[in-house]
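Each remark here refers to the structure printed beneath this line.
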Amino acid sequence: MTNSSAKKQIGLAVAYTLAAAVMATTLACSPAPSAVAAVIKDKVYTVNPASVKATAGIVTGEITEMKVTERVEEGSGRIANPAKLTGKLVLKNVSADQTVRLVEGKIIYIDTQGKAIKLEENRTAPTIKVASPYGSSERLDPGQDATQVVDAEFPVEALKAKKLKEIRLELTYIPSPFKEEKLTVTVSIGGQ
């Protein structure tokens, strides 16, 4: 091998090495293709009627603005967030002389056969808590009302056509006599 052909081979080897280094650098520094975030959309189911009034003893209740919403991944149809019932609940003590102390409140979904529709295993049964203006979380005095937002788990089974017949709000409360008494204390100021 001549000196010039050896130089050519060394030159080609250096060129290939440089080309490989440039390609490796280019590929290593290019940003990796980013994963496209799935588009999540709200799927809203109307509740008819959207507002309902009911009376249970000395407590009246009204649920308004009811709707069921689930979050669905567009394209795949995969459920991102399971269905929830939302709305606004107003409870009012219509008694003239009894205070109401709420013990428990729960929402039950009833099917066309009159049976409760069960929630899936990994979901929590919806409950109601009432906050009064006086800071007591469970007490309503005569004529007093309390408003709260309803945000409750909704069973997937109830989304099927003609499956849900009613939404039941069960309240357990204790009425007690409401009295206003006056306490008069006779006092005098010393040193006069």
Side-chain angles (χ1 to χ4, degrees), residues 40-73 77-182:
I40 306 292
K41 293 214 171 191
D42 286 346
K43 185 174 184 180
V44 179
Y45 300 86
T46 58
V47 176
N48 291 316
S51 299
V52 178
K53 290 183 181 184
T55 301
I58 60 173
V59 176
T60 62
E62 181 176 20
I63 301 177
T64 59
E65 304 167 20
M66 284 191 293
K67 65 181 176 181
V68 175
T69 307
E70 69 181 346
R71 305 205 70 204
V72 180
E73 188 177 289
R78 184 184 70 80
I79 305 297
N81 290 349
K84 287 199 168 225
L85 171 71
T86 58
K88 184 171 77 169
L89 172 65
V90 178
L91 295 175
K92 183 172 184 174
N93 179 352
V94 294
S95 170
D97 61 356
Q98 292 186 48
T99 293
V100 171
R101 185 173 69 83
L102 183 67
V103 175
E104 178 183 47
K106 56 185 172 181
I107 296 174
I108 300 172
Y109 305 100
I110 306 297
D111 68 12
T112 55
Q113 311 301 308
K115 296 179 183 173
I117 301 172
K118 303 281 184 206
L119 282 168
E120 297 73 39
E121 286 183 26
N122 59 343
R123 300 182 73 200
T124 307
T127 58
I128 302 291
K129 293 198 181 282
V130 176
S132 75
Y134 300 120
S136 170
S137 63
E138 57 196 29
R139 179 177 143 178
L140 288 176
D141 290 333
Q144 185 181 30
D145 62 35
T147 303
Q148 78 172 52
V149 173
V150 174
D151 188 11
E153 302 282 354
F154 192 84
V156 173
E157 185 68 22
L159 292 174
K160 294 179 180 173
K162 300 187 184 203
K163 183 74 176 173
L164 181 67
K165 180 182 177 187
E166 63 187 49
I167 297 172
R168 185 177 296 163
L169 174 61
E170 290 186 352
L171 294 176
T172 304
Y173 63 87
I174 300 171
S176 59
F178 184 85
K179 292 184 179 182
E180 275 191 55
E181 298 285 339
K182 293 184 174 140

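Excluded from the calculations below are hydrogen atoms, water molecules and symmetry mates; all remaining heavy atoms, backbone and side chain alike, are included.
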Is there a donor-acceptor pair closer than 3.5 Å between any side-chain N or O of [X] and the backbone N or O of [Y]?
| X | Y | value |
| --- | --- | --- |
| D145 | L91 | no |
| D141 | Q144 | no |
| D42 | V44 | no |

From [X] [atom1] over to [Y] [atom2], what is the distance, rounded to the nearest 0.5 angstrom?
| X | Y | atom1 | atom2 | value |
| --- | --- | --- | --- | --- |
| R101 | T172 | CZ | OG1 | 11.0 Å |
| I108 | K115 | CD1 | NZ | 15.0 Å |
| L89 | M66 | CG | CE | 10.0 Å |

Listed partners of [X] passing side chain to side chain donor-acceptor pair (under 3.5 Å), at least two apart:
| X | value |
| --- | --- |
| K163 | none |
| K41 | E74 |
| E121 | none |

[X]: salt bridge (Lys or Arg N to Asp or Glu O under 4.0 Å) partners, not counting sequence neighbours:
| X | answer |
| --- | --- |
| K160 | E157 |
| R123 | E120, E153 |
| D97 | none |

If you define the side chain from C-beta out and look only at heavy atoms, does anything of [X] sit under 4.5 Å from [Y]?
| X | Y | value |
| --- | --- | --- |
| I117 | I110 | no |
| K43 | V72 | yes |
| P126 | L85 | no |
| L140 | Y173 | no |
| K53 | T60 | no |

Pair E166, Y109: side-chain N/O donor-acceptor within cut-off below 3.5 Å: no
Indicate the atoms forming the closest heavy-atom contact of V52 with P49, along with that distance. CG2-CG, 3.8 Å
